[in-house]
Structures are given as structure tokens and as C-alpha cells.
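Heads up, the thing below is written out as C-alpha cells.
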Amino acid sequence: MQELFLSFRLAVIVTAILLVLATPLAYWIAFSKWRAKFLVEAFVALPLVLPPTVLGFYLLIAMGPRGPIGKLWLALFGHTLAFTFAGLVIASVLYSLPFCVQPLVASFEKIDPKLLAASHILGADAERTFFRIILPLSRPGIITAAVLTFAHTLGEFGVVLMVGGNLPGITRTVSIAIYDRVQSIEYAAANQLALTLLAISFLLLVLVYGLNRRVGLLWNVK
Amino acid sequence: MEREIGPSELRVRARLARNAFQLDVDFVVPPGITILFGPSGAGKSTILDCVAGLAAPDAGEIIIGVPHAFSTKRAVNLPPESRQIAYLFQSPALFPHLTVKRNVEYGISDFLPGPRENDVREILQLFHVEHLADRKPAELSGGEAQRVALARSLVTNPNALLLDEPLSGLDAALKNSIIADLRAWNAVHEIPILYVTHDRAEVDALGERVIVIEKGKIVQQGAPNEVLNAPRKERLALASGFENILEGTVKEVRLEDGVMRVALKDSSSTVETPLTYAKQGDSVRIAIRAGDILLALEKPSNLSARNLLHGAIHSLEQRSATMICKVNAGAVFEVHVTLSAARALGLREGMELWLVLKTYSCHIVE
């Protein structure tokens with residue numbers, strides 16, 4: 001159960017960090033009039049198509065004692081990032097970025113531009129418009145983004161293995177643990193963990209669809 | 001010599017080129033309702049967007065009250081939130097997650113909760129939507145939503161109000177009652193109101209001043225009945241409900257009577273029209289409203305109307321409560337009569353009858 005707890009801790013931290021980072025990024029992608037913004041969109045979507053081992057490999061190099069992130073970390077904290085929980089967090093943030101950004105962009109873009117124009121004309125600046133109009137109207141997108149990020153982080157394998165290795169209590173997440181047990185032919189133990197993960201994932205999705213449905217009903221009563 | 005802009009006037013001078021479209025206008029809106037009228041695509045909404053700050057002209061000057069909201073000369077371009085204007089779109093654009101009351105409060109500062117409560121209650125009363133204060137926008141009818149949108153815009157005490165065909169989806173009775181409420185508000189708050197429409201009926205209902213826009217330029221301005229009842233431009237004539245535009249040649253000019261006689265093209269018929277700049281032998285176009293033509297089954301006599309044309313019904317078509325009757329009398333005339341009139345006369349295709357036209361119903365257009 002230690003692995004399960006570790007995975008949850010990782011997923012919660014990564015989701016929190018990503019919501020804070022992805023919201024301004026998604027806002028920029030949705031509303032910027034910069035012509036070359038498709039480059040940024042392509043970069044954000046990269047983890048969707050990249051094999052996790054490729055991403056993990058480059059992250060491992062970057063976090064190592066001679067990589068740029070690793071050197072910086074070494075100077076600041078006296079140890080490198082590879083095979084640590086912090087390294088795992090950074091890798092997961094990058095890997096789950098599109099799962100958080102894309103639902104947010106979609107829900108920002110769905111807002112009727114007339115509403116935003118109306119808000120500005122009523123005297124609200126960009127900040128007030130964001131917090132009073134855009135954010136509340138994007139609640140379904142935010143819930144989707146949070147749950148997808150959480151679930152995706154919970155289940156990731158390739159990147160974690162490359163960057164984190166398999167250190168019990170530090171980097172051995174639940175998916176690594178399942179793999180481990182299968183390797184040592186402990187099928188019953190593997191099944192126990194796998195089934196728990198399956199149940200949690202299903203519950204999370206039920207929660208997303210249920211919440212989004214309720215939000216929708218609240219606004220379109222008639 | 002340029003005129004000073006009064007503290008409650010709106011001055012718009014804007015030039016803008018987008019692809020094939022060119023806008024070039026210069027006008028002043030005094031307090032009260034001024035209508036921007038013209039066919040769709042003429043640039044009416046672009047003008048409103050420039051005033052609101054949602055679009056910027058390539059060059060020009062927009063003054064709302066005293067301060068410059070936009071000026072290429074002074075390099076000023078205030079964002080919409082700093083212009084203190086109200087802008088109502090075709091759709092009410094109410095915030096769907098907020099109640100009517102919260103929507104109306106949106107534009108007022110959060111710092112003065114006391115006066116805010118009062119202002120909101122007053123404006124909701126004025127537009128007859130108090131009882132809806134706790135509803136969400138999805139629970140409102142189209143007319144109610146547009147009333148709430150008006151209240152939300154006007155509670156901020158704007159320096160100008162822009163309306164972009166806000167009533168186009170509503171029926172006439174609802175329209176008139178909303179316009180009456182807006183007028184009542186405007187009587188107390190004397191700000192310039194710029195009202196965009198392409199609906200002739202709305203011009204008549206609102207009319208104080210009208211500015212006619214066509215292809216990005218002002219073609220005429222003045223009181224609606226002067227401008228629209230005697231359209232000098234053919235396109236304007238079509239847009240403002242002149243169903244008949246006939247070509248002809250001036251046969252005779254009678255200066256002493258203030259009239260002239262025009263022979264219709266490809267026909268032996270002539271009509272008497274008011275005198276214009278045209279000379280004998282000039283080609284002219286005559287615009288006649290379908291509703292201004294009378295039908296008679298026998299040749300009328302002892303009538304003040306000067307034009308009697310004999311013809312036969314070419315086609316009949318019912319469109320809602322109007323019978324659209326095409327009559328061949330040398331040229332084909334479109335005539336609109338009520339259903340009861342059509343029944344009483346027993347109109348049918350091929351029937352011979354007389355068209356009766358007043359001289360002053362025949363307008364010469366460019």
C-alpha cells in the first residue's frame with residue numbers, strides 16, 4: 001500500500017502544480033492573436049505522441065549531474081534530481097501537461113466572445129473578466145483537466161521508470177510496483193494493486209462526468 | 001471650421017480599410033436617439049465597434065463627452081473598459097452563471113454596496129424586470145433578456161449608448177414597449193444613443209435623426225421622414241421599402257405646377273411626378289412604395305390623384321397578412337393590399353383594373 005500512497009501524493013502534487021501553470025498557458029493559447037502560437041500548441045501536445053521512454057530518457061540526461069537541470073539542482077540542494085521524488089514531480093508535470101492544458105483551452109475557447117466583450121464594456125479589466133466570467137464558465141473544463149491530469153499521473157509508467165527508477169518509498173509508484181510483482185510472478189499481489197487502480201480510475205471518471213453534468217444542468221435550467 | 005464637441009455629445013471620425021471594405025465617416029451624435037441605417041455589410045456594426053473600443057480605426061478620432069477615447073493624432077486608444085459607454089448587441093449576452101440581479105450589478109463598483117442596491121432596484125423597476133431579479137438568464141424570454149441587458153448597461157451611467165439591432169428578434173408590441181422605456185430613461189439621462197438597424201419600421205418608431213450608411217460612407221442624414229421618404233439613391237430606396245423602381249424619360253417639365261411628366265420605359269404609360277433637377281429628355285428612375293398604390297375596379301373620376309394607369313393582374317401571392325399583387329400596366333407594378341381589401345375587390349389573376357397613384361408617391365431617385 002506504500003506504493004499506492006506514493007502515487008497519490010505524486011498525483012495530487014502534480015495536479016496542483018499543473019493547474020497553476022497550465023491555466024495562464026491555456027489562457028494565452030486561447031486568446032493570443034500571435035500568429036506563431038501553433039508552435040507553442042505543438043510543443044505542449046508533444047508528450048501525447050512521444051513514447052514515454054523518449055521523454056524519460058531526455059529528462060534523465062537533463063536531470064543528471066551534467067545536465068542543465070541537474071547542475072542547477074545540485075548547486076541549490078547538493079544532490080541531483082534523477083531518482084528522487086522531486087525529479088519525478090518535474091517529469092510528471094511535463095508529461096501530463098497536454099492533459100491539463102487542452103481541456104482548459106477548449107473550455108476557454110468555447111466561451112461566447114460577446115460575453116467577454118460585454119464584460120470589458122461594463123468596465124471590467126482582463127483580470128476581473130477572467131475571475132468573474134471565464135473561470136466560473138470554464139468549471140467543467142477545469143474539473144476535466146484536474147481529473148485527467150490526476151489519473152494520467154497516477155497511471156504513468158515509462159517516464160517514471162526512466163527518471164525515478166524503482167526505489168521503494170521514494171520513486172516506486174503503483175504502476176512500477178505492479179510491473180515488479182509480475183516480474184517476480186506474484187500475480188495475486190499484482191492483481192490486487194491493478195484492481196485497486198482500475199476501481200479508482202473508474203470512480204474518478206464517474207466523478208468527472210457526474211460533476212460536469214450537474215454544472216451543465218445548473219446553467220441551462222428550463 | 002470645426003465645431004466644439006459638447007460634454008454630452010459623441011463625435012466619430014473614422015477611416016478604416018479591411019480587405020475590400022472601406023469605412024470613412026465623420027459625424028456628431030447629440031443627446032437623444034440617432035439611427036444608423038443602411039443595408040447589412042454597410043459598416044454600421046464596425047462603427048459601433050470602433051466607438052466601443054472593440055476595433056480600432058486606421059485613423060480618426062472618437063470623443064465620448066469631453067475626453068478622447070481614440071485619436072491617431074494624440075496616440076490615444078482607450079480600452080473598452082475605460083470608455084464608459086454601454087453597448088447592447090443583437091444577443092443580450094447576459095452572463096449565464098449569474099442571476100439577473102448579479103448581472104445588473106456587474107458593471108458597478110464593489111466598493112459602494114449601499115447605493116448599488118438602490119441603483120439596481122431602480123433600474124430593474126424602470127425596465128419592468130424586478131420580479132425576475134433572482135432568475136438565471138436561461139429562464140428568461142427574449143424580450144425579458146434584452147430588458148435585463150439594457151438595465152445592466154444603463155445602471156453604469158454611461159456617457160453614450162450603442163445598440164446593434166437589439167430588438168430585431170422581437171415582435172412589434174414588445175419592441176415598442178422597450179423603446180418607450182428606453183426613451184423614458186433617456187429623458188432623464190441625456191446621453192447620445194446610436195441605434196443601428198436595417199429595419200425601416202424601427203426607423204419610423206424611433207426616429208429623431210437618421211444617418212444613412214452605404215458601403216462605409218454616409219450618404220444622407222437628417223430627420224427620418226425627410227431622408228427616407230424622398231430617397232435620392234436607388235439602393236437606399238430599395239432598402240427603405242420602395243418595392244417599385246421604374247425607369248423612364250422626362251417628357252414634359254411644368255415648372256409653374258412643380259411637376260413633370262415621365263414616360264415609362266417600354267410602355268405607352270406616363271406618370272406625373274414632383275419636379276426635380278431633371279430636364280426634358282433625361283432618363284430618371286421613379287421609386288414607388290407598393291403600399292402607396294391604390295387599386296380600382298372601374299376608372300375613378302373626380303379624384304385628386306393625378307395618375308391613373310389601366311392594367312391587368314399578372315400574379316397574386318399572399319405573404320402573411322398582405323396580398324402581393326403584380327399588375328401589368330405598361331410596366332409591372334408591385335402593389336400591396338390587405339387580405340380583406342383583396343377579398344372585397346375579388347382580385348384574381350388576369351383581372352383588369354386601374355392603378356391610382358398620387359404625384360407625391362412617385363419619388364425620383366438617382
Side-chain angles (χ1 to χ4, degrees), chain A residues 19 23-24 26-28 30-35 103-146 208 210-222, chain B residues 45 48-49 51-55 64 69 78-99 102-111 134-141 145-146 148-164 166:
Chain A
L19 280 178
T23 304
Y27 181 89
W28 183 83
F31 299 114
S32 166
K33 292 189 175 68
W34 192 46
R35 277 166 186 230
L104 290 178
V105 172
S107 63
F108 291 169
E109 281 176 343
K110 220 173 63 189
I111 296 173
D112 180 2
K114 287 272 180 228
L115 293 181
L116 306 181
S119 169
H120 287 301
I121 286 160
L122 288 166
D125 56 13
E127 190 193 312
R128 185 173 157 95
T129 303
F130 179 75
F131 285 107
R132 300 281 296 262
I133 307 297
I134 297 175
L135 218 49
L137 288 180
S138 304
R139 204 154 62 183
I142 296 168
I143 295 171
T144 306
V208 181
L211 275 176
N212 281 352
R213 207 178 115 75
R214 258 197 58 212
V215 171
L217 286 177
L218 274 179
W219 289 341
N220 303 317
V221 266
K222 186 129 204 184
Chain B
S45 301
L48 294 196
D49 283 353
V51 175
L54 300 176
I64 305 160
L78 293 184
E81 59 263 31
S82 307
R83 294 196 178 192
Q84 286 199 45
I85 45 125
Y87 189 172
L88 223 66
F89 312 120
Q90 217 165 344
S91 63
L94 296 176
F95 304 127
H97 58 302
L98 301 177
T99 61
R102 295 263 172 251
N103 260 284
V104 174
E105 282 172 353
Y106 189 82
I108 324 174
S109 157
D110 294 332
F111 298 114
D134 296 320
R135 298 232 191 131
K136 287 277 178 70
E139 299 169 277
L140 305 178
S141 71
Q146 214 43 292
V148 172
L150 255 178
R152 181 179 70 173
S153 296
L154 296 178
V155 78
T156 60
N157 274 319
N159 291 328
L161 169 63
L162 313 172
L163 301 122
D164 192 357

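Below, chains carry the letters A, B, ... as their sequence lines are ordered, and counting in each starts from 1. Only this structure's heavy atoms are used, side chains among them; waters, hydrogens and symmetry mates stay out.
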Of the non-hydrogen atoms in [X] and [Y], which two are nearest, and what is the gap between them?
| X | Y | result |
| --- | --- | --- |
| A:Leu122 | B:Tyr106 | CD1-CD2, 3.8 Å |
| B:Arg152 | A:Ala118 | NH2-CB, 3.7 Å |
| B:Pro96 | A:Leu137 | CG-CD2, 3.6 Å |

What part of B:Ala86 lies closer than 4.5 angstrom to a heavy atom of chain A: side chain, backbone, both or neither?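 The backbone, not the side chain.
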Side chain, backbone, both or neither: which part of B:Leu88 has a non-hydrogen atom closer than 4.5 Å to chain A?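 Looking at B:Leu88, nothing touches chain A.
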I'd like to know if the side chain of B:His97 reaches the main chain of A:Arg132, judged simply by a donor and an acceptor atom lying under 3.5 Å from each other, with no hydrogens or angles considered.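 Pair found, side chain donor or acceptor close to backbone of A:Arg132.
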When rounded to the nearest 0.5 angstrom, what distance separates [atom1] in [X] from [atom2] in [Y]?
| X | Y | atom1 | atom2 | answer |
| --- | --- | --- | --- | --- |
| B:Gln84 | A:Ile121 | CD | CD1 | 13.5 Å |
| A:Leu115 | B:Phe95 | CG | CZ | 6.5 Å |
| B:Leu54 | A:Lys114 | CG | NZ | 7.5 Å |
| A:His120 | B:Tyr87 | NE2 | OH | 14.5 Å |
| B:Ser91 | A:Asp112 | OG | CG | 6.0 Å |

